[in-house]
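Below is one structure, written out as structure tokens, with a few remarks after it.
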Amino acid sequence: MNTTSSPVTPTHAVINGTDLLEDRHEEQLRSDEKICLAFNQHNKHVSSDEHRKRLPVNRFRDEIEYLMTKYQTLVIVGETGCGKSTQLPQIVAQICHQWMGTDTTTATTTPTTDHKHPMVAITEPRRVAAVSLAARVAQEMSVELGREVGYAIGFEDCVDRQRTRIKFVTEGILVNELMSDPLVTSYGAIIVDEAHERTLNTDILLALLKKILRKRPALRLVVSSATIECQLMKEYFNFNASSDRSADTSTVLCLDGRCHPVDVYYSRAPVADYVKESVQTVIKIHERYQFGDILVFLTGMEEVDACVSTLKDYARSLREKQTPGLRKLYVLPMYASLPATDQMRVFDTFGKSVRKVIVATNIAEISLTIPGVSFIVDSGFVKMRFYNPRTCTDSLVVVPTSQASAQQRAGRAGRERAGNAFRLYTEQAFQELTPFTTPEIQRSCLALTILQLKALGVNNIAKFEFISPPPERHVVSALDLLYALGAIGDTGALTQPLGLQMAEFPLHPMFAKMLLSSPGFGCSVEALTICAVLQVHNIWQQPGGGQRALQARRAKHELSVEEGDLIAYLNVYNLFVKADKVRSWADRHYLNYKALVRAVEVRHRLESVMNRFRMRWRSAGDDVDAVRRCIVAGFFANAAYLDPSGNYRTVRGDHELHIHPQSVLYTRPRPPKWVVFHEVLHTSQQFMRDVTPIDPKWLTELAPHYYQCGTDREIMESKLTNNT
DNA sequence: ACCCGATTG
């Protein structure tokens, strides 16, 4: 950028440094280290095109360009609905394009691009978001999707190598692109959208980008976040070690774009039963306020169904009494495992005489926005997964939300007009909540993460600069597992070729090991199918109740086999393929059609990775033991045996376990003596999911390094003599 | 007797 010829406003007076913005900027930095740009988003008398130009990010295009000139990293804070996700990519692409034509002799203050055809990447945590935002931006720019604007998600690439300048991707795609292009040279700028969600991939990506920014000074990073985590982000990306603020390499731009005010109400006293209380609150809202739909946040399917059924009773009583002045209530559940057609109903609109009540899990906070909502009922709780490195298992527990999450939920009421949020807890309870949700990287199994990082050249995980470092024992537990699987050697380096190949699979390392071992067992065809199906959840349909629930259980029982869940999945998949993958077959057997179709896609993707390694394709035919031995080759660490009391215990660690009620083995008469499992979920008890009966000899035979040393051998020997 | 939500050249 040549500032003297730049056809823009005075905010570009970078040269003298005394410009209004500069002053305001420095002053703000001193006071709260933020730049706040206020705006008024809502102007009813403009066309939609006009409206778009008035979106806050567009109005501050020049400020964004100025800040991107001066700082390598720009943290942008803006409320949802301010158009960040669609407008920022266009603005940043324009800026990059402009810089491309820069005269390099004046490049002291301006970052010239370090490549010929810079693209802008925008990362999204979810696939649907990447695709739909790409489609919207293409439409706004009047270009065909897949040309100037494209996207790349797990199974779909919709980009034009020559022409694409704006590319929406999922976070995982960008992490994977780093494997072949460690400095992301195809991009001039990267926008990390929804960074406040702090998914596992957000944190990995930001940490890797931090390394890359040091090596590529011309690369620009925009971190887009909806909450006040901005200071943390800003400092994380600030390479300036001196106290001289003007040498900072990162800054914060705050788009003050709150849509409408939301009044927050708290309970006067603590609430004993938030499901009952949420019902009462919905009724009170309905009787007191005339307009606006209601959104209730609970933690799980069971709670949602209970709340919906009570509210439906109330709605029915209203209809029967024909209460004058009170509108009809239309009550709808919303959670991820609900069939797609039922999910779509939350977007239905009804006449003025009907009020919609949506009872949802956290899905309504994170991945979808329902228009028309003006009332929020917030239980204050969420169901969350936590990894336990001691037992190498996950717990699924109901925990209080964070303040940030409560704020996000309340904000859902103010998208179109002023709203109200009713929190079913006291104000003091709110003050005692943790400010932020624990980032996923601190509550996950890190085996795959560490494997990926090692493949990207990050050998010393302890020295890797995470925003929020994971607990050390999580790292140790992951390294132990990787060592046991043979992915890393004594020095902690990736093994060749096993470790390196395992890192290329988008799978938990146990699956990768199983797949890479499968040609040796002559069952690569079957192993591939089983891995694919296990990446997809809810293969079995589970209707809410009544006759259909009974039929579904019966259908599942017919497909269940004593060889366990994984072999049952294999059979189901093969039958689905044999039936030409039609929906009617899936429906008839109470199987989840969409999940099966997705398993087909996943299988296809994994197959291409296997082909790259020139794996031999072999089918075991009817030799189920070959397949089960192959499963043990990957999952030997997850072994358990039936003790005399009738409970299962893990071989390593000696923890009590139970077969999950969803397992096909749960309803079978004789429980197997030895099993391996896919995972353990701690809910009301420690439940093993996806269980395969095995012969215990396979453990010592296939994983002697794991089971024949020290105390483990003693444990094994005593179990073997007692149980077989 | 029971699972929040996402996701991978």
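These values consider heavy atoms only, across backbone and side chains, with no hydrogens, waters or symmetry-generated copies. Sequence lines set the chain letters: A, B, ... in the order given, protein chains first and strands last, and positions in each chain run from 1. Keep in mind that this is a model prediction, so the values were computed, not measured.
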Inset, instruction - Measure from the side-chain heavy atoms of A:Ser180 and tell me the nearest of B:dG9, B:dT7, B:dG5. - result: B:dG9
Legend entry - Rounded distance in Å - CD (A:Glu124) to C1' (B:dT8): 16 Å
Legend entry - Separation of B:dT7 P from A:Ile441 CD1 (nearest whole Å): 18 Å
Inset, instruction - Report the nucleotide, chosen from B:dG5, B:dC2, B:dG9, that has the shortest atom-to-atom distance to any side-chain atom of A:Ile173. - result: B:dG9
Inset, instruction - Whole angstrom is fine here: how far is it from CG in A:Leu657 over to C1' in B:dC2? - result: 16 Å
Inset, instruction - Return the nearest nucleotide to the side chain of A:Pro661; candidates are B:dC2, B:dT8, B:dA6. - result: B:dC2
Legend entry - Minimum side-chain heavy-atom gap A:Phe511-A:Leu534 below 4.5 Å: yes
Inset, instruction - Answer yes or no: does a side-chain N or O of A:Arg612 lie under 4.0 Å from OP1 or OP2 of B:dG9? - result: no
Inset, instruction - Have a look at A:Glu440 and say if it touches a base, only the backbone sugar-phosphate, or nothing, with a 4.0 Å heavy-atom cut-off. - result: base
Inset, instruction - Quickly work out the A:Glu607 CD to B:dG9 P distance and round it to whole Å. - result: 16 Å
Legend entry - Nucleotide nearest A:Asp157 when distance is taken to its side chain, options B:dG5, B:dT7, B:dG9: B:dG9
Legend entry - Per A:Phe687 side chain, nearest of listed nucleotides B:dG5, B:dT7, B:dC2: B:dC2
Inset, instruction - Would you indicate, yes or no, if B:dT8 has its OP1 or OP2 atom less than 4.0 angstrom from a side-chain nitrogen or oxygen of A:Thr170? - result: yes
Legend entry - Toward the 5' end of DNA chain B, by each residue's nearest nucleotide, A:Pro506 or A:Gly300: A:Gly300
Inset, instruction - Send over the distance from A:Asp203 CG to B:dT8 P, rounded to a whole Å. - result: 18 Å
Inset, instruction - Can you check whether any acceptor in the base of B:dG9 is under 3.5 Å from a donor in the side chain of A:Glu504, or vice versa? - result: yes
Inset, instruction - May I ask you to decide whether A:Arg126 forms a salt bridge with A:Glu194, counting only side-chain N to carboxylate O separations under 4.0 Å? - result: no
Legend entry - Contact nearer the 5' end of DNA chain B, comparing A:Met301 with A:Gln452: A:Met301
Legend entry - Per A:Ile153 side chain, nearest of listed nucleotides B:dC2, B:dT8, B:dG9: B:dT8
Inset, instruction - Go through B:dA1, B:dA6, B:dC2 for me and flag the one nearest to the A:Gln662 side chain. - result: B:dC2
Legend entry - Polar pair under 3.5 Å, donor/acceptor by atom type, side chain A:Glu197, base B:dG5: no
Inset, instruction - Give a yes/no answer on whether the side chain of A:Arg605 brings an N or O atom under 4.0 Å of OP1 or OP2 in B:dG9. - result: yes
Inset, instruction - Applying ring-ring contact (aromatic ring centres under 6.0 Å, His included), name anything that partners A:His589, two or more places apart in sequence or on another chain. - result: A:Trp585
Legend entry - OP1 or OP2 of B:dT7 under 4.0 Å from side-chain N/O of A:Thr199: no
Inset, instruction - Tell me, yes or no, whether the heavy-atom count around A:Arg614 atom CZ, taken from other residues, nucleotides or ligands under 6.0 Å, exceeds 12. - result: no
Inset, instruction - Find the distance A:Glu302:CD to B:dA1:P and express it as a whole number of Å. - result: 14 Å
Inset, instruction - Using atom CZ of A:Phe505 as one end and atom P of B:dG9 as the other, report the distance to the nearest whole Å. - result: 13 Å
Inset, instruction - Rounded to the nearest angstrom, tell me the gap between atom CD in A:Glu194 and atom P in B:dT7. - result: 13 Å
Inset, instruction - Would you indicate what A:Ile366 reaches in the nucleic acid, counting non-hydrogen atoms under 4.0 angstrom: base, sugar-phosphate, or nothing? - result: nothing
Side-chain donor-acceptor pairs under 3.5 Å in residues 443-452 of chain A, sequence neighbours left out?
{"unit_1": "A:Arg443", "atom_1": "NE", "unit_2": "A:Thr438", "atom_2": "O", "d": "3.0"}
{"unit_1": "A:Arg443", "atom_1": "NH1", "unit_2": "A:Arg385", "atom_2": "O", "d": "3.2"}
{"unit_1": "A:Ser444", "atom_1": "OG", "unit_2": "A:Glu440", "atom_2": "O", "d": "2.6"}

Legend entry - Parallel, tilted or perpendicular, as decided by the 30° and 60° cut-offs, for the rings of A:Phe635 and A:His678: perpendicular
